[in-house]
Asker: 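Handing you a structure now.
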There are 2 protein chains.
Amino acid sequence: MFKLSKLTDYAVVVLVRLARQDGVQTSPGIAAATFIPEPTVAKVLKTLAGKGLVTSQRGAHGGYRLARPLAAIPVADVIAAIDGPIALTACVEGGSCESERLCPMHGRWDPVNEAIDAALHGITLADMDHAIPRAFREPAFVAHRDESGASAPEAVARL
Amino acid sequence: MFKLSKLTDYAVVVLVRLARQDGVQTSPGIAAATFIPEPTVAKVLKTLAGKGLVTSQRGAHGGYRLARPLAAIPVADVIAAIDGPIALTACVEGGSCESERLCPMHGRWDPVNEAIDAALHGITLADMDHAIPRAFREPAFVAHRDESGASAPEAVARL
DNA sequence: TCAATCAGGACCGCAGCGGTCCGAATGGTT
DNA sequence: AACCATTCGGACCGCTGCGGTCCTGATTGA
Ligand code: SF4
Ligand code: SF4
C-alpha cells in the first residue's frame, strides 16, 4: 500500500500533544494522554530528538519539549524524521536503481516526487491541528496560510 | 520509507513501453525491452488487466494492449491498481484505526491525503513520458509563482 | 545517595513485498 | 481435429523492514 508508517502517524499525534501544554512532558505522561503504548512513544520521541524536532531534558523531572512551534513544522519534516527521506522510487535524488542504465523511465519520477514533497512541505502540523477536513479548498482558510509557500514554485521552477 | 512499491514502478515502465508500439505485445517481449524479469512483467500485466488498464488478447499471437492512451492514465490509477488505494494512515476514507475513538488526530490526515491524491491525479503517464509534467505548466500552478501567498495544498487542490 | 528520566541499542514476531512457478483456459494454426 | 503458443489465475516462498518490547547505561534534580 501507499501509506506512511504507523510510527510517523504516532509522531504527529505526539508532537501535537506536546504543543498542548507548556514545559517538559515525560514519555509516560504523553503515552497516557495519547493512548499510545509507552515504549513506542519513547521510541518516537528519541528519534524526533535525534532529528532536532524536540529537545530533551534529562534527569529527574526531565522530559521533552517542542524545539519549534507547530506552525514551523511541515509534515514533510516529520515523515523525513521517522520514515526517512521521501523517495517514491529508487532512482530519485541520489538513490540508485540497478537498472537505471537501461530503464527508459529513469529520472522521470523526479517531478512527481517533487510535487508530493512540495505538497507535504506546504502543510504544517499547526494546520493539521486546527484544520477541519476539506477546509483546504476554502479561500478564507487558504488565504492566511503562507509560511514556506515559496517552496512549491521553486521546486517546480527547476523542472 | 515513504515510497511506492517496486511493482508500481515497473507497471509504469511497462505501460509506457506498451504505448511505444501499436498492436499487441507479449510479456516476454516487453520483458526483453524493459530489462525487467519476465515473470514479474507477467504479474504486473495480469494485475493491470484485472484493473482494466490494459486489455489482453489470449491464445496464439496474443498479448496485451493499452486500454486507453497514456494521457488518460493518471499515475494515481497505476498506484491504486498495484499498491491498492492511496491511504496515508489507517483512518482515512473508510479505514478504521483501533484508536480512532481516542485519537485527537483522527480525520486530520484526510486533507493531506486528498492533496497527494489530487497531485497524483494531475500527472498522467504521458506527462511522465515526456518528462515535462503538463500539470506544472497549468495556469493554476504557474500563477502562484507571481501571486505569492499560494501554498502547495491549494495549488495541488486546483489540479 | 537515590530516584526519575532520557539515550542507545539489541532483540523478536510477523505482515507484506518481490519474485517464481505451475496447471488450466483460450484461441490461432495446420 | 490435433496442436501449439500464449494468457489467466492462483499457490508458493524467502526475506526485508516495521511495529513493538526490553535492557543497560548516562544524566540530573531532590
Ligand atoms: S524508474 Fe527505472 S531507474 Fe528509476 S527506480 Fe524505477 S526501474 Fe529503477
Ligand atoms: S490519526 Fe489517530 S485515528 Fe487516524 S490512523 Fe493515526 S492513530 Fe488512528
Side-chain angles (χ1 to χ4, degrees), chain A residues 1-11 13-14 18 23-32 34-65 67 79 81-85 87-90 97-99, chain B residues 1-11 13-14 18 23-32 34-65 67 79 81-85 87-90 97-99:
Chain A
M1 296 160 275
F2 187 62
K3 63 183 186 64
L4 38 81
S5 77
K6 218 175 209 177
L7 290 195
T8 305
D9 183 8
Y10 288 161
V13 176
V14 165
L18 267 180
V24 296
Q25 298 178 55
T26 71
S27 307
I30 298 176
T34 56
F35 300 95
I36 300 173
E38 193 273 326
T40 301
V41 170
K43 186 176 198 168
V44 167
L45 281 172
K46 277 184 282 191
T47 307
L48 292 178
K51 297 292 182 177
L53 285 177
V54 300
T55 58
S56 61
Q57 174 69 29
R58 304 178 72 149
H61 297 85
Y64 290 96
R65 175 184 297 126
I79 297 177
I82 307 285
D83 263 352
L88 292 189
T89 62
C97 172
E98 69 276 357
S99 29
Chain B
M1 301 156 276
F2 187 61
K3 63 182 186 66
L4 36 83
S5 78
K6 218 174 208 176
L7 289 194
T8 305
D9 183 7
Y10 289 160
V13 176
V14 166
L18 267 180
V24 296
Q25 298 177 56
T26 70
S27 307
I30 299 176
T34 57
F35 300 95
I36 299 173
E38 193 272 327
T40 301
V41 170
K43 185 175 198 170
V44 166
L45 281 171
K46 279 183 281 191
T47 308
L48 291 177
K51 296 292 181 175
L53 285 177
V54 301
T55 59
S56 63
Q57 176 69 30
R58 306 178 69 152
H61 296 84
Y64 291 95
R65 178 184 295 125
I79 297 177
I82 307 285
D83 264 353
L88 293 189
T89 62
C97 172
E98 69 275 358
S99 29

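Sequence lines set the chain letters: A, B, ... in the order given, protein chains first and strands last, and positions in each chain run from 1.
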Asker: A:Tyr10 side chain: which of D:dT7, D:dA30, D:dG20 is closest?
Answerer: D:dG20

Asker: Report the nucleotide, chosen from D:dT7, D:dT21, D:dG19, that has the shortest atom-to-atom distance to any side-chain atom of A:Pro37.
Answerer: D:dT21

Asker: Just the rounded figure in Å: distance from P of C:dG16 to NZ of A:Lys6.
Answerer: 11 Å

Asker: Ignoring backbone atoms, test whether A:Thr40 places a side-chain nitrogen or oxygen under 4.0 Å from the OP1 or OP2 oxygen of D:dT21.
Answerer: yes

Asker: With respect to the side chain of A:Lys43, which nucleotide from D:dG19, C:dT20, D:dT28 is positioned closest?
Answerer: D:dG19

Asker: For the pair made of CD in A:Glu38 and P in C:dA4, what is the distance, rounded to whole Å?
Answerer: 14 Å

Asker: Could you check how far CD of B:Gln25 sits from P of D:dT6, rounded to whole Å?
Answerer: 13 Å

Asker: When rounded to the nearest 0.5 angstrom, what is the spacing between OG1 in B:Thr40 and CG in B:Leu7?
Answerer: 7.0 Å

Asker: Can you figure out which of C:dT5, C:dG28, C:dA7 approaches the side chain of B:Gln57 most closely?
Answerer: C:dG28

Asker: Nearest of C:dA3, D:dT6, C:dC6 to any side-chain atom of A:Ser27?
Answerer: C:dC6

Asker: Rounded to whole Å, how long is the line connecting atom CZ of B:Arg58 with atom P of C:dG28?
Answerer: 12 Å

Asker: Rounded to the nearest 0.5 Å, what separation is found between the OG1 atom of B:Thr8 and the CG atom of B:Asp83?
Answerer: 3.5 Å

Asker: Reckon B:Gly50 touches a base, only the sugar-phosphate, or nothing at all at heavy-atom distances under 4.0 Å?
Answerer: nothing

Asker: Please work out if B:Gly59 contacts a base, only the sugar-phosphate, or nothing of the nucleic acid, heavy-atom cut-off 4.0 Å.
Answerer: base

Asker: Check whether the side chain of B:Lys46 and the base of D:dG10 form a donor-acceptor pair under 3.5 Å.
Answerer: yes

Asker: Can you measure B:Ile82 atom CD1 to C:dG18 atom P for me and round it to whole angstrom units?
Answerer: 10 Å

Asker: Out of D:dT7, C:dA7, C:dA3, which has the shortest distance to the side chain of A:Ala49?
Answerer: C:dA7

Asker: What pair of heavy atoms forms the shortest contact from A:Ser27 to A:Leu45, and how long is it?
Answerer: OG-CD1, 3.9 Å

Asker: Where the side chain of A:Ser5 is defined as all heavy atoms beyond and including C-beta, which of C:dT29, C:dT5, D:dG19 is the nearest nucleotide?
Answerer: D:dG19

Asker: When the distance from CD1 of B:Ile79 to P of C:dC17 is rounded to whole Å, what number comes out?
Answerer: 14 Å

Asker: Distance check needed: D:dC18 P versus B:Phe2 CZ, whole Å only.
Answerer: 13 Å

Asker: State, to 0.1 Å, how close A:Arg65 and A:Gly23 come at their nearest heavy-atom pair, and which atoms those are.
Answerer: NE-C, 4.3 Å

Asker: Does the side chain of A:Thr89 come under 3.5 Å of the side chain of B:Asp9 through a donor N or O and an acceptor N or O?
Answerer: no

Asker: Can you tell which of D:dG19, C:dA7, D:dA30 lies closest to the side chain of A:His61?
Answerer: D:dA30

Asker: Please report the distance, rounded to the nearest Å, between CD1 in A:Ile30 and P in C:dT5.
Answerer: 12 Å

